[in-house]
> 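Take this structure first; my questions come after.
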2 protein chains.
Amino acid sequence: MRISELAAATQVPVATIKYYLREKLLHDGVLTSATQARYDDSHVRRLKLIRSLIGTAGLSVSATREVLLGLESPPESGHDLLGIAHHAVTRTAPDDVDLSSAQKLLDRWGWGAATCDRDTQAALVAALHGLSEAGFDAPAALLDRYAAAMQDIAEADVDTVPTDSAEAAMRHVVLGTLLMEPVLLAMRRLAQQSASFQRFGGTGS
Amino acid sequence: MRISELAAATQVPVATIKYYLREKLLHDGVLTSATQARYDDSHVRRLKLIRSLIGTAGLSVSATREVLLGLESPPESGHDLLGIAHHAVTRTAPDDVDLSSAQKLLDRWGWGAATCDRDTQAALVAALHGLSEAGFDAPAALLDRYAAAMQDIAEADVDTVPTDSAEAAMRHVVLGTLLMEPVLLAMRRLAQQSASFQRFGGTGS
DNA sequence: CAATGTTGGGGAGTAACACTATCTAAGTCA
DNA sequence: TGACTTAGATAGTGTTACTCCCCAACATTG
C-alpha cells in the first residue's frame, strides 16, 4: 500500500503521516526505491492507535511516542506496565514536594502499593491544592466515597486484564488506563445530570 | 493593594495579571488616577480561582471566562448549573453525530435525565470510538461496573451540595465538577497500582 | 523640588505545539 | 512519452498563553 492509500484508509492526511514518520511515532515503510515505500496493515493499526492516543486521550506527540515505545519493549514485570501509562499522563514531580498528605490518604484507603509512585501522588496533591486554593474544601467523607468508587473501577480494570498473552495484557493496561479516562469523565457528567435531576428537578433547558 | 502587591500575594506575575485583565477574566481595580488602581481581596480570590481553573482543571482562557461569567450570572435553575460547568469542558457536537449508542447506554443505566445533553453524549461516543479504533473493545460488563461507580460518585457530588445559598451551591457544583476531575483521575491511577499489586505482585521499581 | 520608581494601557514578541505546505529529484504507471 | 506520485527535507501556519517593552502619568522619597 502506498502512502496515499494509507492516508485514505485511515483518514489521516499524507502530510500528517509524514510528520508522524519524522517524529518516529510510525515505523518506516519498506523502501522499494529511492522515492517509494510500501506500507501495510501494521501501519494502519498503528496510525489508528496514534490518533486515538493524541485525539481521544489527549496525549502530546512526545508522550504518545513514549507509550508506543513502551508497548514495543519487553514487558518485564506485569505490575510495572502501569508505570508506562501513568508516566505518559503525569508530569514528573520536583524533588521537594511534600507528599505527606497523599501518604495519609493512601494509608486511610489501604493503597499501600501505590506509595512508591511519587509523580502520581504529587498530581493528587496538586489537584487537591488547586481545589482548596479555589475556595473549595473537599470534606474527607466525600473523598472517601470517591476512593471507594475508584477502587471499584480499578478492580474492574485488573479483572479484565487478559492473562493469556503478556503483550495483550500490556496493551490492555496501557490503553485501558489512557483511553478510558475520557469515557469515565463523560460518564460522570451524565451521571451527575441524572442524579441532579432526581434530587433537585430541573427545567431540562 | 497595588498590582505589584496583588502579584506578590498570589504568586502571579504582573504581566499575567494584566493579561487576565485584558481578557476580562479578572475585574478591573478601582482607578485612583490615570495610572494607578487599587485591588482588594476579591481580586486575590478571583486570581486564585482563575489559576486553579486554568492550571489544575486545564481549562482554556476562554472556557475559564465562560465559567466565571456563569458563576456571576443569576442562578436560574439549580439543575441547569451543571450545564455551565459541563459546557466549559465539552466541545459542542456537530448536528449529524449518531447518539443512538449513547442513548442505549443511558437507558441501560437509568440515566434518563441526561438524554438532553447532546454534547456530553457525543463526548462519550467519541471516547468509546477512540477506544475501539485503537483495538480495545470494552466489554459491556466493564462499562456497567464503571457506570455503577460513577453513579456513586455523582450521588456523593449532589449529596454534598450546600442547600443554604444558591450562590454557594452554584460555586460548589461548578468547581466540584471541574476541579475534581484531576483528583479522580489521580485516585484511579493510585487505586490501579494498589489493585494491580494485590493481583499480580510487582517489583515496585 | 527633584530624583527615582511604579503603574495603566496597549502593542508587539515569544515559545511550544501539532500540524501543513512547498520543493526537488527520483521514481511509477498508462 | 507524459502525467502522476513519492521520499525527504525545509519552511510556514494558526493557536494558545503568556511575556516583554514602551510611554506618559503618577507616587514616593530625600
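Note that the structure is a prediction, hence the values are computed from the model and not measured. Order of the sequence lines sets the chain letters (A, B, ...), proteins ahead of strands, with each chain counted from 1.
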> How long is the line joining OH of B:Tyr20 and P of C:dG9, in whole Å?
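In whole Å, C:dG9 P lies 19 Å from B:Tyr20 OH.
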> Any donor-acceptor pair under 3.5 Å linking the side chain of A:Thr16 with the backbone of A:Val12?
no
> With the threshold set at 4.0 Å, does a side-chain nitrogen-carboxylate oxygen contact exist between B:Arg189 and A:Glu181?
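Looking at A:Glu181 together with B:Arg189, the answer is yes, because their closest N to O distance falls below 4.0 Å.
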> What pairs with A:His43 under ring pair (Phe, Tyr, Trp, His ring centres under 6.0 Å), at least two apart in sequence or on another chain?
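Expected list: A:His27, A:Tyr39.
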> Please give, in whole Å, the distance from C:dT7 P to B:Ile17 CD1?
10 Å
> What does nucleotides 3-10 of chain D look like as a protein-contact string, B for base, S for sugar-phosphate only, - for none, at under 4.0 angstrom between heavy atoms?
--BBBB-B
> Mind grabbing the angle between the end helix axes of the helix from C:dC1-D:dG30 to C:dA30-D:dT1? Five pairs an end, 10° rounding.
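Inter-axis angle at the ends, rounded: 0°.
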> What's the shortest heavy-atom distance between B:Pro13 and B:Ala7, and which atoms?
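For B:Pro13 versus B:Ala7, the nearest heavy atoms are C-CB, 4.4 Å.
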> A:Tyr19 OH to D:dT13 P: how many Å, rounded?
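For the pair A:Tyr19 OH and D:dT13 P, the rounded distance is 17 Å.
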> Check B:Leu179 against A:Ala134 and note the closest heavy-atom contact, atom names and distance.
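Closest heavy-atom pair between B:Leu179 and A:Ala134: CD1-CB, 3.5 Å.
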> May I have the distance from B:Glu23 (atom CD) to C:dG11 (atom P), rounded to whole angstrom?
13 Å
> Using a distance-only test with no angle check, is there a side-chain donor-acceptor pair under 3.5 angstrom linking B:Tyr146 and A:Arg188?
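Side chains of B:Tyr146 and A:Arg188: no pair found under 3.5 Å.
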> Closest heavy-atom contact between B:Ala63 and B:Ala88?
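Closest heavy-atom pair between B:Ala63 and B:Ala88: CB-O, 3.6 Å.
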> For residues 86-104 of chain B, pull every pair meeting salt bridge (Lys or Arg N to Asp or Glu O under 4.0 Å), keeping only residues two or more places apart or in separate chains.
none
> Can you tell me which residue pairs pass the salt bridge (Lys or Arg N to Asp or Glu O under 4.0 Å) test with a partner in residues 6-28 of chain A, sequence neighbours excluded?
A:Glu23-A:Arg65
> Please state how far atom CG in B:Leu26 lies from atom P in C:dG9, giving the value in whole angstrom units.
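Roughly 12 Å, once rounded to whole Å.
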> Quick one, which residues of residues 48-66 of chain A touch DNA chain D with a heavy atom under 4.0 Å?
none
> Do B:Val161 and A:Arg199 have side chains that approach each other closer than 4.5 Å (heavy atoms only, starting at C-beta)?
no
> Using only atom types and a distance under 3.5 Å, with no angle test, would you say the side chain of B:Ser194 pairs donor to acceptor with the backbone of B:Leu190?
no
